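Any value given below was found using the heavy atoms of this structure, including those in side chains, with hydrogens, waters and symmetry copies removed. As the structure is a prediction and not an experimental result, all values here were calculated from the model.
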Amino acid sequence: MTAAPPQPFPAATILGYPRIGPRRELKRALEAYWDGRATLGELRRTGAELRERTWKRLTGLGLRTPPSNTFSLYDQVLDTALLLGAVPARHRAGTDEDTCFAMARGTGAAAPLRMTKWFDTNYHYIVPEIGPDTAFALHAAKPVSEVRQARALGLETRPVVIGPVTFLLLAQAAPGSPASFTPLDRLADVLTAYERLLAALAAEGVGWVQLDEPALVTDLGGAELAAVRTAYERLGALADRPALFVASYFGSLGQALPVLAGTPVEAVGVDLVRGDLTGVEALAGKTVVAGVVSGRDVWRADRERALAALLAVRERAGHVVVSTSCSLLHVPYDLEAETGLDPALRRRLAFADQKVSEVVELAALLDSAPARAVPAAPDRTRAVPAAPDRTPVHAPDRAPVHDPSDAPAVAEPERAGRSPYGVRTAAQAAHLGLPPLPVTTIGSFPQTGELRAARAALAAGELDEGAYEERVRAEIAQVIALQERLGLDVLVHGEPERNDMVQYFAEHLGGFAVTRHGWVQSYGSRCTRPPILHGDVHRPEPITVRWTAYARSLTDRPVKGMLTGPVTIVAWSFVRDDLPLRDVVFQVADAVRAEVRDLEAAGVSVIQVDEPALRELLPLRRAGQEEYLRWAVEAYRWATSAAGDRTQIHTHLCYSDADQILAAVDALDADVTSVESARSGARLLGEPAVKGFARGLGPGVYDIHSPRVPTAAEAGELLEAALRVLPADRLWVNPDCGLKTRTYEQVEAALANLVEAARRARPPVPTTSRAVSGAVTQLR
Ligand code: MET
Ligand SMILES: [Zn+2]
């Protein structure tokens, strides 16, 4: 039916590339535009420069036909919604960019779309809203203009777009849709828009289009598999179109593989780092784009193993080309920028540009390899493990690996050293004397430019330790005073000493290295520098105690000690792969446990151990989920169970679809759990599991991702909604997440409104008991 591919697929490719800029140029441009410090023209120019730089760099490294449309001002799923015209009426603005930012960030009048994690990564995408009436209409300006921009530079590119099935599976039903509606019901209409897109790209002379379908590596039911067949039969049947490359990543295609194999698409991408070769022979006759260089870690590829996998694919399926396992969006740009790393560690590393070179080198090796030279790699094993010399760079200076038999079984909290929840709450109530609906925050307060400048000056040697310490202490004093003035019940020190909740701990633990420029996009303009966990973990000395103790010395109210949990520290680092992940997590749990002990010994009676990444590491397919949750919960319990009954343990999960793992959250056995709720319109409260949640819960009532300040009435409404499913004595009042990205002006107004909303919602307290609780507070 289709025209023959106009050009062969390139022998080496990548599925995508970072776009925030090697020095975060896009971040700066976006924030300048949002703050009114730059014009739209300036923002567009930065985008164009970054694209040009990327294409030149990729071709310079040896890629022919680099991808295009991998650039994004905010998020590629959001771009796809704009491409298809799936824009809620409330977000429509004068320019594409302003519409995009309204969808992502909201406006004074309109709440933004939901944001959630991209599969099992720490990248967050914007969740499209699709309803029965969404009027799809192709708006192909962005991919078309990128093709033209590259062509003006003399380059042919392969536009990358999220595929129709993944787009609809990631979308949520628009508010007001009938209960029976799911976005996948709109497949036929969406496909019409994709057909027009393919026609438009064909008219531009585009040879290949990449349709990303990572959702195909999850457990799909009959309806979803049928959607895959329908979609690619229909798009494949189009008379005048580019050749189609359907890219899967983050795991194996499983049952979706034979389905795709039966459609007329010309190329299929398989992730051979996380997935395996099962069923690959079904792809004979197509180009197999073999992801053998990991896009998810920073280790050099094992060439031998990668080549063996490539040859095995060639033998079974015929035509194979070399690729990364997924987009390089998830790794930093260039190792060359890291001059401060230990040379022995550095030799084992590859960032995006080094991975591009690996792909190019492997393609050359494959080209010169005789057919049938190497035996096929066995199925169901990791096709490409990391480099062979993966011994720890730092020799362990103690017996590091946690013996799992020390850890308590999940079902028996008593053995963990803490009494059952009921006993603990009584002890804590007497000790802390909190009012019902206590108001607290998630930990961080605004990271001001001044603080960041002080940290930079310290790093550059322009500010001495003592002066920096004074700066941080002054900030803590201000944050404590502000919270007292606003009337919060459980205070925090504000985390001014932390650049990032994971990096800070990595900098103070042995076994980690940190980078200078290794930024990875987390969402929108936000980036993190994931530390590199390369050796055995140990804690040379207490990390947080002095800051929390200082904050405590300034107030009579309880101050919450803030720690990052073991799963999150590991999830947001690049982790050694010579040990099972579980063992690495337990090494970190040992360090957190020691910190909990030291905080408690310093008199801190509320300790929060954040695990926002608990859900993130959940295996994408059901098969591995139970086992993962068992050990992840066990590690958390190990980290926190050194605390006595009087010490209140909090945890925080934020943007993590907590509803899907509430049983595990309960098993964490924390006394109080805070979760994101405001941003997603209190969706969580509708979950039946929340009703039965037996411990303290703080569903966020302030969406901290939006510059909007909620009124007391708005916060009060969310609180009332929570009170309909949870008793007042177990409900906490808090924002969705930390406040570090907001301004003091916003935070002060918002927290004042939260306190006001809590006061209005509290049952009236008789004067005598108020006096008693005040007395208890003073006894602390
Ligand atoms: C991503 S969760 C953030 C938790 C951390 N304690 C903060 O307040 O910033
Ligand atoms: Zn959070």
Kindly assign one of parallel, tilted or perpendicular to the pair Tyr628 and Trp631, based on the angle between their ring planes and the thresholds 30° and 60°.
-> perpendicular
Run the numbers on Thr544 and Glu595 for side-chain contact (heavy atoms from CB on, under 4.5 Å), then give the verdict.
-> CA-CA 8 Å; Thr544 64; Glu595 192 72 14; 2.7 Å; yes
Separation between CE of Met115 and CD of Glu676, rounded to the nearest 0.5 Å = 8.5 Å
Any side-chain heavy-atom pair of Val592 and Val609 under 4.5 Å | yes
With no hydrogens and no angle check, do the side chains of Asp645 and Gln428 hold a donor and an acceptor under 3.5 Å apart?
-> no
What class does the angle between the rings of Tyr523 and His124 fall in, given that below 30° is parallel, 30 to 60° is tilted and above 60° is perpendicular?
-> perpendicular
Distance under 6.0 Å and angle within 45° of the ring axis: does Arg730 meet both against Phe693?
-> no
Honestly, is Arg473 close enough over Tyr550, meaning NZ or CZ under 6.0 Å from the six-membered ring centre and within 45° of the axis?
-> yes
Hey, are the side chains of His705 and Asp736 touching, using non-hydrogen atoms and a 4.5 Å cut-off?
-> no
Could you walk me through whether Glu469 and Val472 pass the side-chain contact (heavy atoms from CB on, under 4.5 Å) check?
-> CA-CA 5 Å; Glu469 176 114 6; Val472 171; 5.9 Å; no
Taken in chain and number order and not counting sequence neighbours, the residues that satisfy side chain to side chain contact (heavy atoms under 4.5 Å, CB included) with Pro18 are Leu328, Tyr333, Ala352
Between OG1 on residue Thr640 and CD1 on residue Ile607, distance to nearest 0.5 Å | 9.5 Å
Thr441 side chain reached by Asn734 side chain, heavy atoms, under 4.5 Å | no
